[in-house]
Amino acid sequence: MEMVPSEEKQLVPKEIENAADEPRVLCIIQDTTNAKTVTERLTLNLPASTPLAQLFQGVALKAGYVVGSFHLTWANMAEPAPLDHNSQTSLTESGFEAGKKNFLQLTDKDGEQPQLAPDESATAGSSGLDEVPRDGFIGPLPRDSTVGCSSDYSSPSYSYSSILNKSETGYVGLVNQAMTCYLNSLLQTLFMTPEFRNALYNWEFEESEEDPVTSIPYQLQRLFVLLQTSKKRAIETTDVTRSFGWDSSEAWQQHDVQELCRVMFDALEQKWKQTEQADLINQLYQGKLKDYVRCLECGYESWRIDTYLDIPLVIRPFGSAQAYGSVEEALHAFIQPETLDGPNQYFCERCKKKCDARKGLRFLHFPYLLTLQLKRFDFDYTTMHRIKLNDRMTFPEELDMSPFIDVEDEKSPQTESCTDSGAENEGSCHSDQMSNDFSTDDGVDEGICLDSASSAERALKPKSSLTFELFSVMVHSGSAAGGHYYACIKSFSDGQWYSFNDQHVSKITQDDIRKTYGGSSGSRGYYSSAFASSTNAYMLIYRLKDPSRNAKYLDVEDFPSHIARLVQKEKESEEQEKRQREIERNTCKIKLFCLHPVKMMMVENKLEVHKDKTLQEAVEVARKLMDLESTVPLECCRLVKYDEFHEYLERSYEGEEDTPLGLLLGGVKSSYMFDLLLETRKPEQVFQPYKPGEVMVKVHVVGLKSETIAAQVSVRAYLNQTVAEFKQLIAQATGLCAETMRVVLERCYNDLRLLYVPNKTLKAEGFFRSNKVFVESSDLTDHQVAFTDSQLWKLLDRHGNTIRLFLSLPEQAPLASRTLAQKAGSDPSEPFEGAKGGRKSVEAILEESTEKLKSLSLQQEQEQQGSSDSQKSSDTSDFEHIESLSHEADSTPSVSASVSADNRELENRIQPAGEGGAGGGTGSDQDNPFPPEERSDSEVNNDRSTSSVDSDILSSSHSSDTLCNADSAPIPLANGLDSHSITSSRRSRAHEGKKETWDTAEEDSGTDSEYDENGRIKAEAQYLYFRAVPCSLEDGTGEGQRCLQVHVDKRITLAAFKQNLEPFVGVSSSHFKVFRVYANNQEFESVRLNETLSSFSDDNKITIRLGRALKKGEYRVKVYQLLVNDPEPCKFLVDAVFAKGMTVRQSKEELQPQLRDQCKLDLSIDRFRLRKKTWKNPGTVFLDYHVYEEDINISSNWEVFLEVLDEPEKMKSMSQLAVLTRRWSPAHMRLEPFREVVLESSSVEELKEKLSELSGIALENLEFAKGRGTFPCDISVLEIHQDLDWNPKVSTLNVWPLYICDDGAVVFYRDKAEEPMELSEEERSELMKKESSRLLKTGQRVSYSPRKEKALKIYLDGGPAKDPGQD
């Protein structure tokens, strides 16, 4: 096919180029198969009709790959599925969007790298690993999804020679589980050690003796086999970590690679006991050294022999600003002796006295594999920070260790020692006693042991026998707070260096190794910053150069038989995984919904079907998935295209039952822009066809006479239909008369539009995919008035604003029910019989119950004033049982029963108040022991609250909103959704089968002048709906806590809402409080009586508690005690009520009895004060004559401090300033208690004079500083002397940097002539621990809180010990 350049300067077929008028598809492809291409993007701009196979050809041409050796998947998908490279379907049919950016990813196929095109791969094949890279790469490969990556990865100082694919390097990476880079580095090093790998292969696992899951050697063996034979780019290490006994949380713990090395070696030694590999670790990694002390007077020497697995080398000596420049220099320092003299003299066994001595270390022999740890992590005792030393330290590729070996005869303990032998004491405490037991041990050690050889043998031993070659450098990039490990390892097969950076393996050079020496740009202080980051070598591993012992890697053909079987087993496992992945790639996964005909609710599930299965077969799978096999015949089920968000049935698939599902869905995708609905029908019905382009309309029939809104009926229409045609369609579906029909469209919450223009199209009226309309055709007189004045509008408006609430009542509530029953002329133990005419009118009941409430209120007011707040009923209190007739259960259901009944959509039978048996609500009223209440004696603002969004319209729940009209037969449409709603608005369920009452809103204790003294608003009246029915909440004991289920217009005010609740609570609205209960069961009191319930939504819970509610101008206040010298300075005392216009002294008088009765604090009025509270900080002192709302701003849920005075009040004027002072005594490292100082002005001199008078410190020696943070401004005694801004150069307190303008500021002061206490390191460390503990208990910030590290453990029994205290 002829190719020509396109407008994007890329080759496309000529036929496509000529399609100029055709819409084009912009494809942006990210190549994720190679580290150097992952940041690049390939772009192709193709006509929409281009076949998918041609897209693959274009991508292959641009990327230089062979078609079929890579996958293309959709980007940004959770489960990407590859596109079919042989498909001839067009791009648009495959899910591409014309005129938009379509993002794809180019990925590996079956874990193998894409094959390079022949013209590019020929050179690579001939040159092998030594090929010249096509382009350079800066820095080591960054880790994928790993915490703590350092910016050093992109440092321009790093320039690796090339980054090769796995197929070119021949090595496999390891996946980083989260923060397991340290583990990956060590595992790759062990794998690249021939002696260790071969020994591990020679060990054979006995499955009969141990569980393979918990066997560490077996899981390491499996891992090494996969690293050597797998075709994957990287493999997981989860099986290895599982054998360590680690759970998933360990993957998020950073550890030191040297610590891991030691712990793993210990675990392997334990597992290999009684096997040929029992001494493997010692043979490979263990060396010997002598720890000696030699008397300088008589020459007597005491010594002991120790073993080591690695040699720790100091980067920078303690107290020195100069670091060692090389490993050799650090090794010389390691064996450099120290002299014990003065107070550190050594007691000599021969001299029988303390003498000067020389103490040090000598190497006796080195291991075959020499491990050097560069001690880059240290602790700065000045800043108390853990730090990393980034100084430069060189290391050779070949290291001659002969200068560091001890060549003296160690058989005699009194041998004269060389003056330059010995070593610095690294802090180990060894015995001074002579030990000869070690002189003859380890005779079979395979290390380089010179102490057991004769002098002649040592003299004849060639120097090259102590030459070691470097083959592994474990690099740490980051800081002491965290970072990343990767390994640079030399292969003993070809001598080439590679970077093993988690899943990425790349080829590097000697120059790259030298760049890990360390050293940072710019000048640094004594220690680098605790959070400075750099990249440098941390562990070095050398191997002895000995041709007779140096091993080679085992080839696959040389594997032992048990390893060969393991290879075959892993190969079969990979093949099985490959087949499973292939099945997954060809499986369509899509959301499936079903309006379950038995559960009567919308059920959601995930349908997974192979793309080649037909639609009919998919229906069978969906039917089984929804558990409908025994209830719905197969022929009564079908799958239709469904839009869940818009609740829209897009189309049905008539005649396509044998079409593959993958073709209908547009191929296999990780996610679809639509869903499927399993639709069911009854055997006598037929399915309604859904055609593309139709809109779905949910029709609700409104009965004005019965005030009923029926369940929905679904019809489908076209946007170009007129309103007149639409009415005819509705008439066919509902049986209503089209000529007298009124159609109201609800476009969104509270937006009702009457469709009155016959020739106007539905599109012009604002119809969309899914719509909701109300229709009515009964009352001709209501047609003649304006729509907003009509009964239809009022009914729909009420329906749209009604919410359902659940109220928990206090235990006194049954009194109200008995009162109402008695006033109605019936026995309190019997239910009301409203339908029989034996009940008084609602007005009479309320009038009489109001008299009863007045007497109750009067009786309560005569009781103790302060007891109302504490008289709170328990939420779990039980109501008295009220007997009922057998049919009462239908009208007073439990919450669970009412919830299921309330799943019926909009079939609300709302009757006029006082019409006992009218309409369809007769049965409900007969059985209701709490009759509905009607009140019309208060007024409410007619302004409708439209600011709150109807949550049910915007976010309806499928799972709880199924429709079932039990009273009226469904209209027999065979669409499976005839009388059921896919979703419904819960607010409309409030009125089903119940009578309504009206109420007007009253206002609260607010200060708005539009309210009169009785809390009634001076505005036009509007009646708002209120209806309450009793229900019960099961508390698990078989007895239910009684509650109310209230349906109320959310535009009602809290005041009116409370007045409606009076008959049910049993007291007046001023004697109970309303608490809103949130999802976490936290309760907050609602106090703004003039606000509406617009912030409430369906099924919100409310708790009613007895207690005096706030009156106009009153505020509830929480009172806390201020205890300045207590560990917890803030202690809650009581809830109080302060009123506008009240003085502070009056509020203190109100508090006195509460404090005495509830807190056992008997205080005189002049021995305590109130002051401002801002979180935990004490503020302005309130004087007795201050008036609330005039001198002191007050608000709802206000908080104040109460402070008990030790002496009469000194604060008399607002011009005074009360400061809390605290003396710091550096000589005793102690902070003294707080003492208050009252200043007449903001003068610094006055403050210093008062402090001098208080403490006796000379004025010229007195220094002060302002405390930091929140009260009590606690600070460590180790930091206060230097961290605070002592003696600021200001003359007044109200300027920078003090800004002391209000009472309650904390000031520290000291005597500058007082010298700080001298502390030893032990004392400082102990004091630091105590201070940290103290500051944590008081909630103060600790100056340095390093990441808490979890101890690294490998559990040999497969998991952590059950005893948490066991180490």
Side-chain angles (χ1 to χ4, degrees), residues 256 258-259 287 289-294 296 306 308 310-346 356-363 370-396 399 401 403-406 417-430 473-476 479-480 516-530 532 534-540 1319-1322 1324-1325:
D256 186 281
Q258 185 263 352
E259 179 188 13
L289 56 79
K290 177 194 285 188
D291 186 351
Y292 70 92
V293 180
R294 186 171 189 173
L296 295 181
D306 284 331
Y308 63 89
D310 56 61
I311 302 174
L313 298 180
V314 175
I315 297 290
R316 187 190 302 166
F318 181 78
S320 172
Q322 186 66 36
Y324 297 127
S326 66
V327 163
E328 295 92 334
E329 189 177 344
L331 282 168
H332 278 290
F334 187 81
I335 60 175
Q336 181 68 30
E338 67 169 324
T339 301
L340 304 179
D341 55 9
N344 295 324
Q345 278 188 322
Y346 160 72
D356 289 351
R358 184 165 291 150
K359 175 177 172 56
L361 300 171
R362 298 191 189 112
F363 288 113
L370 179 65
T371 304
L372 303 179
Q373 181 205 5
L374 309 185
K375 297 180 67 175
R376 292 195 175 274
F377 298 108
D378 206 346
F379 191 81
D380 184 353
Y381 288 95
T382 304
T383 63
M384 306 305 288
H385 286 181
R386 188 167 180 255
I387 58 172
K388 181 184 177 186
L389 304 175
N390 296 311
D391 301 85
R392 177 181 176 86
M393 175 175 277
T394 65
F395 46 86
L399 178 61
M401 295 297 290
F404 310 105
I405 200 74
D406 180 22
S417 77
C418 300
T419 57
D420 60 347
S421 63
E424 172 190 354
N425 184 1
E426 288 292 306
S428 302
C429 295
H430 301 294
V473 180
M474 277 174 263
V475 182
H476 180 268
S479 68
T516 64
Y517 289 164
S520 52
S521 59
S523 59
R524 293 183 181 270
Y526 175 74
Y527 282 119
S528 57
S529 167
S534 190
T535 301
N536 33 54
Y538 180 62
M539 275 185 70
L540 310 173
L1319 295 174
S1320 65
E1321 288 299 330
E1322 291 77 11
R1324 177 178 289 273
S1325 177

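In this structure the side chain of Arg376 reaches within 4.5 angstrom of the side chain of Met393, judged on heavy atoms. Side-chain contact check for Gln258 versus Thr371: every heavy-atom pair is 4.5 Å or farther apart. Using a 4.5 Å cut-off on side-chain heavy atoms (C-beta onward), Thr516 and Phe395 make contact.
Among all heavy-atom pairs drawn from Ala537 and Leu374, the shortest one is O-CD1, 3.6 Å. Minimum heavy-atom separation, Glu328 to Pro396: OE2-CG, 3.3 Å. For the pair Ser479 and Phe377, the tightest heavy-atom approach, listed with the atom from each and the gap, is O-CE2, 4.1 Å. Closest non-hydrogen pair, Ile387 versus Phe379, comes out as CG1-N, 4.4 Å. Between Tyr292 and Arg358, the shortest heavy-atom distance links the atoms CE1-O, 3.8 Å.
In this structure, Phe363 and Phe334 have parallel ring planes: the angle between them is below the 30° cut-off, well short of the 60° mark.
A distance of 8.0 Å separates CG in Leu361 from CG in Asp306, rounded to the nearest 0.5 Å. From Arg392, atom CZ reaches atom OH of Tyr517 across 7.0 Å, with rounding to the nearest 0.5 Å. To the nearest 0.5 Å, atoms CG (Leu289) and CZ (Arg362) are separated by 11.5 Å. With rounding to the nearest 0.5 Å, the separation of CG in Leu313 from CD1 in Ile311 is 6.5 Å. Note: Leu370 CG to Tyr308 OH = 6.0 Å, rounded to the nearest 0.5 Å. In this structure, Asp356 CG and Thr339 OG1 are separated by 7.5 Å, a value rounded to the nearest 0.5 Å.
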After noting the C-alpha distance and the side-chain angles of Leu372 and Leu399, does the key distance pass the side-chain contact (heavy atoms from CB on, under 4.5 Å) rule?
CA-CA 11 Å; Leu372 303 179; Leu399 178 61; 4.0 Å; yes
Any chance you could lay out the side-chain contact (heavy atoms from CB on, under 4.5 Å) test for Asn536 and Lys388, step after step, and finish with the verdict?
CA-CA 11 Å; Asn536 33 54; Lys388 181 184 177 186; 3.1 Å; yes
